[in-house]
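The shown structure was predicted, so the numbers you read here are calculated from the model rather than taken from an experiment.
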Amino acid sequence: MKFIKQGLSLFLSCCLVSVTAPAGFAAQANQSATPPGVQPAIQTPEQLQQLVAPIALYPDALVAQILAGATYPDQVVEADRWLQQNPNLKGEQLGKEVDKQPWDPSVKALTEFPSVLANMDKNLSWTSSLGDAYVNQQQDVMNAVQVMRDRAEKAGNLKTTSQEKVSNKGKTIVIEPADPQVVYVPEYDPWLVYGAPIGIWPGWYSYPGLYLGVPGIEFGLGFGLGFFGGFGWGWGHWGYDWHHHDIRFDHHSYVSHSRVFANRNNFNRAGGSHGASGFHGGGARGFSSHAQAGTHSGAFSGFNHGGVARGFSARGQSSFGGGFHGGGGFHGGGGGRR
């Protein structure tokens with residue numbers, strides 16, 4: 001009788017499990033299938049002003065190249081490492097070899113300014129956030145650049161010199177090289193040059209040759225543009241359309257086809273070619289991505305506002321020693337701090 005009761009109890013337990021288990025598994029499956037809510041990582045005007053502070057006082061065409069190139073942070077790393085591996089390439093020979101690479105035209109153009117490219121590699125978290133912001137808040141990024149230029153001008157740190165021409169067109173501040181054949185990249189402390197100090201980007205590394213430890217602006221070496229002038233991605237092909245708030249490439253709106261960042265504004269309408277080195281003039285901007293929408297820095301999970309990204313840096317270490325890798329002819333700067 002005892003064994004019969006135990007057997008009956010076991011049989012009833014098995015029946016109970018067989019009835020309740022499917023419902024439990026179904027509930028678990030439904031819960032797993034339901035994606036968590038994703039909130040767009042929209043940056044405030046103040047955050048964007050902090051983000052563009054390191055480049056807002058650069059010449060317009062260089063700012064355009066940097067913003068476009070920031071949508072390809074993987075290629076930025078690749079190009080910087082490639083320059084380091086080919087230190088003997090100079091002038092036109094360098095341009096010819098760069099032209100063979102499968103990079104976006106913006107990244108190719110940045111090889112004319114190796115210290116700028118190296119800075120983007122070193123501060124990869126910042127570069128990633130900059131690219132994500134440009135993809136998703138293009139007009140806000142442009143506005144932030146103008147706000148910071150206005151602040152620097154009012155602080156007495158932005159004016160025409162022998163190295164660059166600063167002009168006011170209505171409420172727009174335009175910065176151009178004083179000599180169309182030579183570009184000087186200004187050196188300044190991005191957290192002090194705008195008058196009242198602003199917060200330092202978390203983990204920011206001040207790259208030698210671009211950073212000035214006191215308020216004001218100085219100019220060092222100038223970058224000659226002649227050697228790269230014959231290539232379709234060179235300096236003369238880039239510019240800004242401040243009226244329409246977009247980058248100009250070959251007199252058309254620049255369209256990034258990077259797969260790194262999701263365009264959260266047009267995620268379901270993205271289309272067109274997505275080749276890594278493709279570029280097209282005009283038309284709507286179609287960005288596609290394998291990264292989930294809603295991440296702060298797009299493709300680099302963890303490369304968000306608070307850290308120094310080193311994921312792509314696993315392939316090698318950039319030199320912290322400053323210096324310039326190849327490029328067109330360099331010209332003595334002159335022009336002290338102002």
Side-chain angles (χ1 to χ4, degrees), residues 52-67 69 76 79-80 83-84 86-91 94-95 98 109-123 126-127 145 148-149 152-153 155-166 173-194 200-201 204-229 234-236 238 318-338:
V52 303
I55 62 168
L57 305 186
Y58 288 5
D60 287 6
L62 183 55
V63 175
Q65 293 171 12
I66 292 171
L67 290 176
V76 165
D80 183 43
L83 284 180
Q84 293 181 55
N86 295 276
N88 295 324
L89 292 176
K90 308 288 184 181
L94 174 62
V98 168
L110 286 169
T111 62
E112 296 186 73
F113 308 97
S115 56
V116 174
L117 185 66
N119 178 61
M120 295 175 70
D121 180 8
K122 279 300 178 187
N123 289 293
W126 168 78
T127 300
V145 170
M148 300 312 285
R149 288 183 175 184
E153 189 174 55
N157 292 325
L158 181 62
K159 53 190 174 182
T160 295
T161 67
S162 59
Q163 291 84 17
E164 67 181 18
K165 176 184 176 182
V166 179
I173 300 176
V174 175
I175 303 176
E176 302 170 298
D179 181 346
Q181 296 301 317
V182 183
V183 176
Y184 291 89
V185 181
E187 304 172 16
Y188 60 88
D189 185 329
W191 324 118
L192 295 178
V193 76
Y194 298 101
I200 299 175
W201 181 270
W204 178 260
Y205 170 72
S206 300
Y207 193 82
L210 297 179
Y211 175 80
L212 189 66
V214 294
I217 299 178
E218 289 185 357
F219 294 90
L221 296 175
F223 294 84
L225 303 176
F227 292 122
F228 289 179
W235 176 267
W238 295 91
S318 295
S319 169
F320 279 89
F324 299 101
H325 317 286
F330 300 122
H331 300 260
R337 176 163 50 91
R338 67 168 193 255

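With contacts defined as side-chain heavy-atom distances shorter than 4.5 Å, the pair Tyr184/Pro177 does not qualify. By the 4.5 Å heavy-atom criterion applied to side chains, Leu110 and Leu62 are counted as neighbours. Lys165 has its side chain out of reach of Ile175: every pair of non-hydrogen atoms, C-beta onward, lies at least 4.5 Å apart. At least one side-chain heavy atom of Pro186 sits less than 4.5 Å from a side-chain heavy atom of Pro59. With a 4.5 Å cut-off on side-chain heavy atoms, Glu187 and Ile217 do not count as touching. Proximity of Val183 to Tyr58: side-chain heavy atoms (C-beta onward) are nowhere separated by under 4.5 Å.
In this structure Ala152 satisfies the side chain to side chain contact (heavy atoms under 4.5 Å, CB included) test together with Leu57, Leu158, Tyr194, sequence neighbours excluded. Listed by chain and residue number, Phe223, Trp235 satisfy the ring-ring contact (aromatic ring centres under 6.0 Å, His included) test with Phe113 (two or more places apart in sequence, or in another chain). In terms of the side chain to side chain contact (heavy atoms under 4.5 Å, CB included) criterion, residue partners of Asp189 (sequence neighbours excluded) are, by chain and number, Trp191, Leu192, Tyr211.
For the pair Pro180 and Ala178, the tightest heavy-atom approach, listed with the atom from each and the gap, is CD-O, 3.9 Å. The two residues Pro190 and Pro54 come nearest to each other via the heavy atoms CB-CA, 3.6 Å. When every heavy atom of Glu164 is checked against every heavy atom of Lys159, the shortest pair comes out as OE2-O, 4.4 Å.
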Exercise. Report the C-alpha distance between Asn157 and Tyr188 in whole Å, list the side-chain angles of each, state the deciding distance to 0.1 Å, and finish with yes or no for side chain to side chain contact (heavy atoms under 4.5 Å, CB included).
Key: CA-CA 10 Å; Asn157 292 325; Tyr188 60 88; over 6 Å; no
What do the steps show when you test Leu94 against Thr111 for side chain to side chain contact (heavy atoms under 4.5 Å, CB included), and what is the final call?
CA-CA 9 Å; Leu94 174 62; Thr111 62; 5.6 Å; no
Hey, mind stepping through Val116 and Val185 against side chain to side chain contact (heavy atoms under 4.5 Å, CB included) and telling me if it holds? CA-CA 8 Å; Val116 174; Val185 181; 4.1 Å; yes
- Task: Check step by step if side chain to side chain contact (heavy atoms under 4.5 Å, CB included) holds for Val166 and Val174.
- Result: CA-CA 6 Å; Val166 179; Val174 175; over 6 Å; no
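Rounding to the nearest 0.5 angstrom, the gap separating the CD1 atom in Ile173 from the CE atom in Met148 is 11.5 Å. Rounded to the nearest 0.5 Å, atoms CE (Met120) and CD (Gln65) are 10.0 Å apart. A distance of 8.0 Å separates OG in Ser206 from CG in Asn123, rounded to the nearest 0.5 Å. Atom NZ of Lys122 sits about 12.0 Å away from atom OG1 of Thr127, to the nearest 0.5 Å. Between atom CD1 of residue Ile66 and atom CG of residue Asn119 there is a gap of 8.0 Å, rounded to the nearest 0.5 Å.
A salt bridge links Asp60 with Arg149: the closest approach of a Lys/Arg side-chain nitrogen to an acidic carboxylate oxygen falls below 4.0 angstrom.
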